[in-house]
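Throughout, protein chains are lettered first and strands after them, A, B, ... in sequence-line order, and every chain is numbered starting at 1.
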2 protein chains.
Amino acid sequence: VWATSSPASRVSRLSERRFTRPIWWEDDSPDAAVVVIDQRRLPHEATTCRWTTVQDTAEGIRSMQVRGAPLIGVAAAHGVALAMRGDPSDASLESAIALLAATRPTAINLRWALDRSRMALTGIRDDARADVARQVADAFAEDDVASCRRIGEAGLEVLREIHERTGRPVQVLTHCNAGWLACVELGTVLAPVYLAREAGLPVHVWVSETRPRNQGASLTTWELAQGGVPHTLIVDNAAGHLLRTGQVDVVITGADRIAANGDVANKVGTYLKAVAARDAGVPFLTAAPASTFDPSCPDGDAIPIEERDEDEVLLVNGSPIAPEGTRARNWAFDITPARLVDGYLTDRGHLAPGHLEPVLR
Amino acid sequence: VWATSSPASRVSRLSERRFTRPIWWEDDSPDAAVVVIDQRRLPHEATTCRWTTVQDTAEGIRSMQVRGAPLIGVAAAHGVALAMRGDPSDASLESAIALLAATRPTAINLRWALDRSRMALTGIRDDARADVARQVADAFAEDDVASCRRIGEAGLEVLREIHERTGRPVQVLTHCNAGWLACVELGTVLAPVYLAREAGLPVHVWVSETRPRNQGASLTTWELAQGGVPHTLIVDNAAGHLLRTGQVDVVITGADRIAANGDVANKVGTYLKAVAARDAGVPFLTAAPASTFDPSCPDGDAIPIEERDEDEVLLVNGSPIAPEGTRARNWAFDITPARLVDGYLTDRGHLAPGHLEPVLR
């Protein structure tokens, strides 16, 4: 479901607006659509999609109009609200939850948001459910904003300490996109970077492109350019060279699910950065809200790893990069063992490995 | 300098021919051109370039019509032969060597081939130099073929031992292209794979795409498909997941220069594979002829790392992947410390770390 305005007018309107959220209600009316930035089209076009049904939401999550673990959770809550508007019955609620839960297997925030939505709507009269579900979705969004700010404050201390020690701009290496496009505002990984900018602390971000979908090249660069943060793009392969040659002070990546033992599922390629950071003696930090921690998962081996279509590997911008007939495999995530993680930047503080109680309650 | 035949007819002629060398003399006449497969156009078009001057050769190496450390050395010797044909003077020889040496800084085979060419032509009468230089180029090519076969035999033993232990197809992970397209025949990394096929030993190759220039996706897949070797393409980021989940038996990569202490310069991203292989307990082997070892380089820090144009990162198949105005850095190689290398497959046998005397003489 596309925005009715033409892409060209939409681009200009959006760029005037310089928006800082990836999801919002179109207006205050009870039948307002959900509007999201279509992240598949960034950075070349800033277009939006309108969701009016839970099916739109499910398709939007599956096709990655929206992505990023925190945003997937918030978007799912919006989808439940859309479902309750048409049919507020328990059957409708359960079928919406089942539909949304099936879209992406790895991110735990999705399941977390759906469980919370179900709890919030249990015992609510049918004629009030649409209203309550929308309030729940809004509360999730605002909670995420507050979480990201607390993550940012925890990370800011790390960046400040590095700057005081080195006296030069702090060199942050990240992977994929864990900025506000992956959340609601600020982001997880990029929250410390944005707060550092606010505080006048010089920061430079090394952005790794993040094949196969290039969220680093297309989304993180775009976000950082909008925020005026100095940054440089590299291919994923170059992260090792940067780390080994002392050009990175700290690696910060996001997470799609963190097991009880601290193992981290995140965008494929994260593990390579973690193991190279350890080899080079550079701290590796994971930034995520409490909702990303999954106490029911004992370790990384229990986290399902989504495998996506091979065409994401075989085609770039629609053009083949390999001979016809080539087969590919396409795991979207990998597991970084807890032993390689030096710290967790969370909305409940900067947690040391082995001390995750505050987020596992 | 393009082949005069149209690309379409050339493709069909080449594919009938099913050639197995990337460089040859057009015919036996003394003024024959050098013909190379234009590797920038694979796998979509199998076109060739004709070199008639040393300037053509230098441009062909710089622009990566030909690439791969052994092939660059062989190609440079062909370039010297072309230079001697026009002007066989010492001044012409030195200027040809200087021109060719400046094309790519990292591969030592280039300098090695030029030094050997100079030695071979010293004391040769001007009127015989063109002939001798062509014989030298041919000898380099044949030596490379023999070297690759010996590398293949050393590697075959490793693959055979793995197969006997596991009883399943041997799972090899490689990076970039170190097959016959990077050499003259067989290749370095792929020689053991081709010899295993000949010997009836089942092998499957995981091909990592090798951003930014995608030599894995475009060249290694093409070579393996031509040779009927089972293979699967992955993004570079997925190598860690494969290694950590036990889907790889051995990692074999090539080298552009190996320092006296065993540090390896190879295509950027190699170090990430080496460090993840060590973390996962999977052996990491480097395959290279003696000419790739540089006794004058004490360690990897002394090896110059070529930095190439940022457009190789910013554009894929000519299309931008990042917002306009994004800046990128583009190191073409990285250093894998010797402590992460479990063995060296060379034309002088399978050498253990710390025992490189046979190739450092």
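Every residue meeting the side-chain contact (heavy atoms from CB on, under 4.5 Å) condition with A/E310, not counting sequence neighbours, appears here in chain and number order: A/L314, A/R327, A/A328. Under the side-chain contact (heavy atoms from CB on, under 4.5 Å) criterion, B/S218 pairs with B/P43, not counting sequence neighbours.
B/V313 pairs in a side-chain contact (heavy atoms from CB on, under 4.5 Å) with only one of the listed residues (A/T232, A/V235, A/I234), which is A/V235. Remark: of the listed residues A/T270, A/D334, A/L272, A/D334 is the sole one forming a side-chain contact (heavy atoms from CB on, under 4.5 Å) with B/H241.
Note: B/D279 leads B/N317, B/T221, B/D279, B/D301 in heavy-atom pairs under 4.5 Å with chain A. If you tally non-hydrogen atom pairs under 4.5 Å between each of B/H175, B/R329, B/R244 and chain A, the highest count goes to B/R244. Counting heavy-atom pairs closer than 4.5 Å to chain B, the top residue among A/V207, A/V268, A/N214, A/L340 is A/V268. Counting heavy-atom pairs under 4.5 Å between each of B/T336, B/I335, B/L243, B/V316 and chain A puts B/I335 at the top. Note: B/L233 leads B/L233, B/T245, B/I305 in heavy-atom pairs under 4.5 Å with chain A. For chain B, the option among A/A276, A/G216, A/P337 with the highest count of heavy-atom pairs below 4.5 Å is A/A276.
To the nearest 0.5 Å, atom NE2 of residue A/H44 and atom OG of residue B/S319 are 7.5 Å apart. Taking CG of A/L224 as the start and OG1 of B/T326 as the end, the distance is 9.5 Å to the nearest 0.5 Å.
Heavy atoms of A/L219 lying under 4.5 Å from chain B are absent altogether. Within the 4.5 angstrom heavy-atom criterion, only side-chain atoms of A/Q247, from C-beta onward, approach chain B. With a 4.5 angstrom heavy-atom cutoff, A/R339 touches chain B only via side-chain atoms. For A/P320, the parts lying under 4.5 angstrom from a heavy atom of chain B are both the backbone and the side chain.
Side chain of A/N237 to main chain of B/R211: a donor-acceptor pair is present (N/O by atom type, distance under 3.5 Å, no hydrogens or angles).
B/W331 is listed as a side-chain neighbour of A/L242, based on a closest heavy-atom distance under 4.5 Å.
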